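Notes for the one structure printed next.
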Amino acid sequence: MTLTDKINRTARKVPSWPIYVAGTLPLLWLVFLLFTGGLGVDPVKSLEHRLGEIGLQFLVASLAVTPLCRYARLNLIKFRRAIGLLAFYYVLLHVLVWLLLDMQLIWSEILKDLYKRPYIFIGMVGFLALIPLALTSNDYSIKKMGAAAWRKLHKLAYLAGIAGALHYMMLVKAWPIEPILYCAAVAALLLIRAEWSLQRRLAAAAQAAQ
């Protein structure tokens, strides 16, 4: 039995709820740092940025689940919903910290920032793309919408991933390696998805031609 087989066998026995528990640990650590002065001279900005980065990490992880299953035979599909919802929760907290603590709900300044700072607008696009995904990440929505329509809607995750990665890169206003890696990861996952779509179309065309 290979290591992948052992991981898959173990994963089948593990419920999804430990993923949510483990996913809250970074938040608890950030709260601890916030109240102990561990977030530096500008704790609000630091908290805001770290929440957004963790949200992006979970989002990229959720997008990587299917390619890992197909290419590495690592089946973590049952945890994809939990990982995706954790991505949404962290991005939501990121937005709330910006609105409530950073901008203090001064809507004139919020709208001005959205207009003057393209990275904020792009980040908001990514957040808005995540909302319908979070609302429909349940068995009832799959049954109500139908699997095909549900899968089509959840392709918005790639829009959210692209927007999140660009938001991060534009935010830092430089070329550090970490934002570049996020952009590269999302681009690679999107190209993989595009290749699968092309293969399906070619197979369908070949079948129709027979």
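Note that this is a predicted model, so its numbers are computed, not measured.
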Note to self: Just to verify, what does I83 make a side chain to side chain contact (heavy atoms under 4.5 Å, CB included) with, not counting sequence neighbours?
What the structure shows: I19, F58, A61, S62, V65, F79
Check: CG/L30 to CG/L93 distance, rounded to the nearest 0.5 angstrom?
Finding: 9.5 Å
Check: Under 3.5 Å, side chain of Y90 to main-chain N/O of L59, donor-acceptor pair present?
Finding: no
Check: Do M103 and I106 share a hydrophobic cluster (ILVMFWY, side-chain heavy atoms under 4.5 Å, transitive)?
Finding: no
Item checked: Nearest non-hydrogen partners of L56 and A165, listed with the distance -> CD1-N, 3.9 Å
Next item on the list: Could you tell me the separation between the NZ atom of K155 and the CZ atom of R193, rounded to the nearest 0.5 Å?
Entry: 7.5 Å
Notebook entry, point to check: Around K144, counting heavy atoms of other residues, nucleotides and ligands shown, do more than 12 lie under 6.0 Å from its NZ?
Noted result: no
Margin query: To check you understand the geometry: which heavy-atom pair defines the closest contact between H94 and E48, and what is its length?
Written below: ND1-O, 2.5 Å
Note to self: Testing the basics here: between R80 and T66, what is the closest heavy-atom pair and its distance to 0.1 Å?
What the structure shows: NH1-OG1, 2.5 Å
Next item on the list: Taking all heavy atoms of G55 and all of V91, pick out the closest pair and write down the distance.
Entry: CA-CG2, 4.0 Å
Check: When the aromatic ring centroids of W17 and Y20 are compared, is their separation below 6.0 Å?
Finding: no
Item checked: Linked, directly or transitively: W107 and L100 (ILVMFWY side chains, under 4.5 Å) -> yes
Checklist line | Beyond-backbone contact of H154 with T136, side-chain heavy atoms, under 4.5 angstrom | finding: yes
Next item on the list: Please answer whether the main-chain N or O of S137 pairs with a side-chain N or O of S141 as donor and acceptor at a distance below 3.5 Å.
Entry: no
Notebook entry, point to check: About how many Å separate CZ of R9 and NZ of K13, when rounded to the nearest 0.5 Å?
Noted result: 5.0 Å
Check: Does OH in Y71 sit with more than 12 non-hydrogen atoms of other residues, nucleotides or ligands closer than 6.0 Å?
Finding: yes
Checklist line | Cluster link F32 to L28, ILVMFWY, side chain under 4.5 Å | finding: no
Check: With side chains defined as the heavy atoms from C-beta onward, is the minimum distance between D139 and R81 less than 4.5 Å?
Finding: yes
Note to self: Looking at every non-hydrogen atom in both residues, tell me the closest pair between C183 and M169 and how far apart they are.
What the structure shows: SG-CE, 3.7 Å
Item checked: Candidates Y119, W98, F121, Y182 - the one meeting ring pair (Phe, Tyr, Trp, His ring centres under 6.0 Å) with H167 -> Y119
Next item on the list: Find the distance between CD1 (I192) and CZ (R70) and round it off to the nearest 0.5 Å.
Entry: 10.0 Å
Notebook entry, point to check: When R50 is tested against each of L27, V97, L34, L33 for side-chain contact (heavy atoms from CB on, under 4.5 Å), which residue passes?
Noted result: L33
Check: When clusters are formed by joining ILVMFWY residues with side-chain heavy atoms under 4.5 Å apart, either directly or through shared neighbours, do V21 and I54 land in the same one?
Finding: no
Review item, side-chain donor-acceptor pairs of residues 126-135, under 3.5 Å, at least two apart:
none

Note to self: Do Y140 and M145 sit in one hydrophobic cluster, given that two such residues count as connected whenever their side-chain heavy atoms are within less than 4.5 Å of each other, even indirectly?
What the structure shows: no
Check: In Å, rounded to the nearest 0.5 Å, how long is the span from CG of L101 to CG of L96?
Finding: 9.0 Å
Check: Taking all non-hydrogen atoms of both residues, which atom of A72 and which atom of T4 are closest, and how far apart?
Finding: O-CG2, 3.5 Å
Checklist line | Full working for side-chain contact (heavy atoms from CB on, under 4.5 Å) between K143 and W150 | finding: CA-CA 9 Å; K143 184 177 179 180; W150 186 89; over 6 Å; no
Note to self: Using 0.5 Å steps for rounding, measure from the CG atom of L114 to the CE atom of M124.
What the structure shows: 5.5 Å
